[in-house]
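All of these numbers come straight from a predicted model, not from anything done at the bench.
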Amino acid sequence: MAQSVFKDIALPHGNPEYIIKPSIAAMTLTKPLMWYPGYYVTTIFMLALKQYQKSEFKKLYFLLNDEATLQTIKASSDIETFMACITQK
C-alpha cells in the first residue's frame, strides 16, 4: 500500500490495478497517531480508487489543501457535519 501525507493528514492508497470496489473511507482521531517517525496525523483518508477516478482524487486533493476546510473537517463532531464539509465543493 502506498501512502501520501501532508498537513496532519494521511492518504494511504492501494494499487489501482487491484481495486475491486472503488471507495474512500475517512477517520478523524482524537489523539495524533505517529504515521512514520517524527510525523503525526489526526485525519486519515483511505483511498481505493481506480485509474479512471483521477477526477475524484483531484477533488479530494484540492479540498484537503484548503486550510478552512481542513479545520472544519478536524472540528467535525458528527458524521453529518463531516460529510457536509467534504461534499460542499
Side-chain heavy-atom pair [X], [Y] within 4.5 angstrom cut-off:
{"X": "Y61", "Y": "N65", "result": "yes"}
{"X": "I19", "Y": "L49", "result": "no"}
{"X": "Y40", "Y": "L33", "result": "no"}
{"X": "L64", "Y": "I73", "result": "yes"}

Could you report the tightest heavy-atom contact between [X] and [Y], atom names first, then the distance?
{"X": "Y39", "Y": "D8", "answer": "OH-N, 2.7 Å"}
{"X": "L29", "Y": "M27", "answer": "CD2-SD, 3.5 Å"}
{"X": "S76", "Y": "T72", "answer": "OG-O, 2.8 Å"}
{"X": "P12", "Y": "F45", "answer": "CD-O, 3.2 Å"}
{"X": "V41", "Y": "I9", "answer": "CG1-C, 3.9 Å"}

- Any chain of hydrophobic side-chain contacts (each under 4.5 Å) joining Y36 to M46? yes

- Query: How long is the gap from CD on E80 to CG on D78, to the nearest 0.5 Å?
  - Reply: 5.0 Å

- Query: Going from CD on Q71 to SG on C85, what distance comes out if it is rounded to the nearest 0.5 angstrom?
  - Reply: 10.0 Å

- Query: side-chain contact (heavy atoms from CB on, under 4.5 Å) between K74 and T43: does it pass, once the steps are laid out?
  - Reply: CA-CA 7 Å; K74 291 176 182 182; T43 308; 3.9 Å; yes

